[in-house]
Participant: 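To start, I am sharing the structure in question, which I have written as structure tokens.
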Amino acid sequence: MLIMRKNMQRKAKKAISAFLSMALVFTVCSSTPNANAAPKIKKLKLNQTKKTLKVGQKLKLKVKKVTPSKASKAVTWKSSKKSVASVTKKGVVTAVSKGTAKITATSSKNKKVKATCTIKVKEAAATQNTPAATDPAQTATSAPTAADPAAPTAPATSAPAVTDPPAPIETEKPGPQYTPNITLPEYALRDYEENFRIGTVVNYEKTQNVNFTALAKQQFSVVSFENEMKNYSLLDTQASKDAVEQTGDDSTVVCRFERADEMVEWAIANDMKVRGHVLTWMGGSNDEYCRKGYDKANDYVDRETMLKRIKSYEEQVIDHFATKYPGTVIAWDVVNEAIDADQPDNKDTGLNLGYSTFESIIGGGGEYIKYAFQYAKAAVEKTGQEIDLFYNDFNTFTSDKKACIIELINYLNEDEQLLDCMGMEGYIIPGWPSEAEFEQAMEDYAECGVKVGCNEVCFRLSDQYCADSKYNPDNSVKTGEHAGVTDKDIEDHVTRCGKMFSDAYIKFAKKYPGKLTNVSIWALLDRPDLEEITPDQHYDYSIYGTHSGLFTGMVNREDPTPDPDNPGKLLTSSENVAPDPDDMKAKDEFYAVIKALQEAQ
């Protein structure tokens, strides 16, 4: 009996053990998928972001990195122009014909996560040296004939020197060629461009800065130029004056594009589109533009001549960039800062206009603005490209000015839609404007049937606007004092940078899909060395200052330059020293914006 009982106990134990083992296996099998499931992908990076190929060449693209690191690397591939570059399901790119195409990898697990590689395809060397290619009449880049109905025609008043279309770029783009000596931020704003482009504003000096170029390339997909596309930069006054003397036609306009071209090529080399700023604005024009014979000593031209000059100038500028860099300049600010809410309504149009020489010569209560948009629209239509036309202004969220701008939008679009987008500049200072106020203005413009772009956005923490500031009307704050900026002010400023994105830009973009074109941030680097606050000078809206940027600045360090005795080595400043990896690093304001963008996705 004892033996039998022990045998029964052993069998029972085995049965229980087997049952528990099966239960354990079942538990493991049923729980393993959850425990080991790949985390949701938030970001992916390819092994190439841009590449130049010759026709017939191939390139293998693959996912180099995903965030988080254990997320799935499975993607689908797509080409923006299969006729230029095709791509297989495994990421093999084939260069088909001359041109530019964008290859996009989209996460199979999260369609919102994408990465791109820009492929530029050149003709194979064998075809470039054929006799046919050297014959200007036979080349693909030769000027379209006047008989071609699709060919944009040069304005009748153009000087001969500018009527020949420029050749497309075939060489490496200009700009800094040396290795940056900075540590770039871990995250990039452009990686979170789900609802709108994120851009910046630069001048020529910045494009020649190796470190700034590296930062801009990493962070932004669109750029505006501070002054280099304004009339006083593009109009060749002396050449125009000479042409008038030679032809006797006072409406003749001659332009120069060398500096602007160099900057556009910088943008292309760094994978950025361009917003053109600005076509017709007296604040961006020399007075000679409005004088007879382009001579400052002469009287102003008559109405008809001024209109012809504006038309010729806009046609030349729009056609030049669209022809030489097709698809790069995606928007133009046609008119800038024309509204003054403190001025009385014009008796003819009801518009509230600030003083402008254009208005003085042309008259009609803002007629020059409508003409400027009509000329720009006609020029854009000739290019066959999609280019948004903006009216741009500051303080566009204040109730009085907003009402005046809405009147202008309705005036321009009453018969046909001339204005596509409303450009809103914004100096974002402590407590003003509120996120809700800015978003409401965006909504009010969208309800007028136009898109919105937030241009020249500055997040600026200035001591005269902080709660405990010692700044007062007699300008008694001394240089470097910054008495009113406390740690709490800085903390609030960081929060505000993120909230303007989350509670204004992102919120609006989701409520009005496709209506927000861009948010372009001006002043990326703190520059305390440029701040001048003295008893007799104080600029409330200084763009650059101690707390003006999203990133820390390199105040005491020049661009790295190559060592003449060792081409592989860089010199910084006048000393042969190792670069400081912390010389530029992302600030809390930047991470507040990144967090807002991440949470939106």
Side-chain angles (χ1 to χ4, degrees), residues 154-164 166 203-205 224-264 276-321 329 332-340 353-376 379 391-393:
T157 56
S158 300
V162 297
T163 57
D164 294 332
N203 57 29
Y204 179 77
E205 181 183 7
S224 301
F225 304 144
E226 289 184 12
N227 302 305
E228 291 80 2
M229 277 186 163
K230 290 176 181 174
N231 178 281
Y232 58 61
S233 296
L234 298 183
L235 178 71
D236 192 329
T237 305
Q238 185 59 51
S240 297
K241 182 177 182 179
D242 294 343
V244 170
E245 291 177 354
Q246 293 171 8
T247 65
D249 183 356
D250 210 6
S251 64
T252 303
V253 174
V254 181
C255 293
R256 58 189 175 200
F257 297 105
E258 293 81 7
R259 176 56 57 85
D261 280 354
E262 187 176 345
M263 293 185 69
V264 171
H277 178 77
V278 49
L279 290 171
T280 299
W281 179 41
M282 201 59 228
S285 306
N286 288 327
D287 187 59
E288 293 93 326
Y289 182 42
C290 304
R291 300 279 183 176
K292 293 179 180 179
Y294 293 93
D295 191 329
K296 213 168 189 177
N298 294 340
D299 293 336
Y300 287 119
V301 298
D302 58 28
R303 182 178 190 273
E304 181 182 4
T305 301
M306 191 73 256
L307 287 173
K308 285 183 178 179
R309 284 187 181 180
I310 292 174
K311 183 175 187 290
S312 176
Y313 174 80
E314 290 192 356
E315 287 177 339
Q316 290 185 58
V317 171
I318 290 173
D319 178 68
H320 171 83
F321 292 105
V329 179
W332 276 103
D333 293 330
V334 180
V335 176
N336 190 59
E337 300 177 2
I339 292 294
D340 184 349
L353 304 170
Y355 175 78
S356 169
T357 304
F358 298 137
E359 175 70 15
S360 175
I361 294 173
I362 297 170
E367 271 193 329
Y368 85 91
I369 302 175
K370 180 167 279 191
Y371 277 116
F373 273 92
Q374 287 175 340
Y375 299 151
Y391 171 70
N392 191 66
D393 214 326

Participant: Hey, are the side chains of F225 and N203 touching, using non-hydrogen atoms and a 4.5 Å cut-off?
Facilitator: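 They are not in contact (no side-chain heavy atoms under 4.5 Å apart), so the answer is no.
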Participant: S360: which residues meet the side-chain contact (heavy atoms from CB on, under 4.5 Å) condition with it, sequence neighbours left out?
Facilitator: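 Here the qualifying residues are Y355.
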Participant: Name each donor-acceptor pair under 3.5 Å that joins a side chain in residues 364-375 to protein atoms two or more places apart or in another chain, with its distance.
Facilitator:
unit_1	atom_1	unit_2	atom_2	d
E367	OE1	R303	NH2	2.6
K370	NZ	Y411	O	3.0
K370	NZ	E414	OE2	3.0

Participant: If the test is side chain to side chain contact (heavy atoms under 4.5 Å, CB included), which one of D393, T280, N392, L279 qualifies with D333?
Facilitator: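 The side chain to side chain contact (heavy atoms under 4.5 Å, CB included) with D333 is passed solely by N392 among D393, T280, N392, L279.
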Participant: When the ring planes of F358 and Y289 are compared, do they come out parallel, tilted or perpendicular, using 30° and 60° as the limits?
Facilitator: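 It falls in the perpendicular class, over 60°.
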Participant: Who passes side-chain hydrogen bond (donor to acceptor under 3.5 Å, both in side chains) against S240, sequence neighbours left out?
Facilitator: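 Testing S240 for side-chain hydrogen bond (donor to acceptor under 3.5 Å, both in side chains), a comparison that skips the adjacent residues, returns none.
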Participant: Start with the C-alpha gap between Y391 and N336, add the side-chain angles, then the distance that decides, and say whether side chain to side chain contact (heavy atoms under 4.5 Å, CB included) holds.
Facilitator: CA-CA 6 Å; Y391 171 70; N336 190 59; over 6 Å; no
Participant: Just how far is it from atom CZ of R259 to atom OG of S233, taken to the nearest 0.5 Å?
Facilitator: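 Rounded to the nearest 0.5 Å, the CZ-OG separation comes out at 9.0 Å.
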Participant: List the residues meeting salt bridge (Lys or Arg N to Asp or Glu O under 4.0 Å) with E304, not counting sequence neighbours, and say none if there are none.
Facilitator: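 E304: salt bridge (Lys or Arg N to Asp or Glu O under 4.0 Å) contacts with K308.
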Participant: Among residues at least two apart in sequence or on other chains, which ones pass ring-ring contact (aromatic ring centres under 6.0 Å, His included) with Y294?
Facilitator: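 Applying ring-ring contact (aromatic ring centres under 6.0 Å, His included) to Y294 gives none.
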Participant: With distance as the sole test, does Q316 use its side chain to make a donor-acceptor pair with the main-chain N or O of V253 at under 3.5 Å?
Facilitator: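 Between the backbone of V253 and the side chain of Q316 there is a qualifying donor-acceptor contact (under 3.5 Å).
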Participant: What verdict does the side chain to side chain contact (heavy atoms under 4.5 Å, CB included) test give for L353 and D340, after you've listed the backbone C-alpha separation in whole Å, the side-chain angles of each residue and the deciding distance to 0.1 Å?
Facilitator: CA-CA 5 Å; L353 304 170; D340 184 349; over 6 Å; no
Participant: Begin from the C-alpha positions of I310 and I362 and carry the test side chain to side chain contact (heavy atoms under 4.5 Å, CB included) through to its verdict.
Facilitator: CA-CA 11 Å; I310 292 174; I362 297 170; 4.0 Å; yes
Participant: Does the side chain of V335 come within less than 4.5 Å of W281's, by heavy atoms?
Facilitator: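 W281 does not reach V335 side chain to side chain.
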Participant: Step by step, work out the side-chain hydrogen bond (donor to acceptor under 3.5 Å, both in side chains) result for Y204 and E262.
Facilitator: CA-CA 9 Å; Y204 179 77; E262 187 176 345; 2.9 Å; yes
Participant: Is a side-chain N or O of D250 found less than 3.5 angstrom from the main chain of K292, in a donor-acceptor match?
Facilitator: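 Looks like no, no N/O pair under 3.5 Å.
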Participant: Which residues satisfy the salt bridge (Lys or Arg N to Asp or Glu O under 4.0 Å) test with D236, sequence neighbours excluded?
Facilitator: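 Checked D236 against salt bridge (Lys or Arg N to Asp or Glu O under 4.0 Å); zero matches.
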Participant: Just do the side chain to side chain contact (heavy atoms under 4.5 Å, CB included) check on V264 and M229 with the steps written out, would you?
Facilitator: CA-CA 10 Å; V264 171; M229 277 186 163; 3.7 Å; yes
Participant: Applying side-chain hydrogen bond (donor to acceptor under 3.5 Å, both in side chains), name anything that partners S285, two or more places apart in sequence or on another chain.
Facilitator: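 Not a single residue meets the side-chain hydrogen bond (donor to acceptor under 3.5 Å, both in side chains) criterion with S285.
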Participant: I'd like to check the side-chain hydrogen bond (donor to acceptor under 3.5 Å, both in side chains) partners of N298; sequence neighbours left out, ordered by chain and number.
Facilitator: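 Residues passing side-chain hydrogen bond (donor to acceptor under 3.5 Å, both in side chains) with N298: none at all.
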Participant: In chain order, what residues pass the side-chain contact (heavy atoms from CB on, under 4.5 Å) check against Y232, with sequence neighbours excluded?
Facilitator: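 Partners of Y232 by the side-chain contact (heavy atoms from CB on, under 4.5 Å) criterion, ordered by chain and then number, come out as N227, K230, N286.
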Participant: Roughly how far, to the nearest 0.5 Å, is the CD atom of E258 from the CD atom of E228?
Facilitator: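 It comes to 13.5 Å.
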Participant: Which atoms form the tightest heavy-atom contact between A243 and T252, and what is the distance?
Facilitator: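 That would be CB-CG2, 3.7 Å.
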Participant: Quick one: closest heavy-atom pair of V254 and A239, and the distance?
Facilitator: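 Heavy-atom minimum between the residues: CG1-CB, 3.8 Å.
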Participant: List for me each residue that meets salt bridge (Lys or Arg N to Asp or Glu O under 4.0 Å) alongside D295, sequence neighbours excluded, and say none if there are none.
Facilitator: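 Counting only residues at least two positions away or on another chain, D295 forms a salt bridge (Lys or Arg N to Asp or Glu O under 4.0 Å) with K241.
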Participant: What are the two closest heavy atoms between V329 and G276, and how far apart are they?
Facilitator: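 Minimum heavy-atom separation between V329 and G276: CG1-N, 4.1 Å.
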Participant: To the nearest 0.5 angstrom, please state how far the OG atom of S224 sits from the CE atom of M263.
Facilitator: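 Reported value, rounded in 0.5 Å steps: 10.0 Å.
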Participant: Hey, are D242 and Q246 close enough side-chain-wise for a donor-acceptor pair under 3.5 Å?
Facilitator: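 The answer is no; no qualifying pair exists.
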Participant: Mind checking what makes side-chain hydrogen bond (donor to acceptor under 3.5 Å, both in side chains) contact with N231, not counting sequence neighbours?
Facilitator: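 Per chain and number, N231 pairs via side-chain hydrogen bond (donor to acceptor under 3.5 Å, both in side chains) with no residue.
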Participant: Measuring only between side-chain heavy atoms, which start at C-beta, is V301 closer than 4.5 Å to R309?
Facilitator: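 SC-SC contact between V301 and R309 confirmed.
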Participant: Using the test salt bridge (Lys or Arg N to Asp or Glu O under 4.0 Å), find all partners of D302 that sit at least two apart in sequence or belong to another chain.
Facilitator: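 Scan of D302 (salt bridge (Lys or Arg N to Asp or Glu O under 4.0 Å), adjacent residues dropped) gives none.
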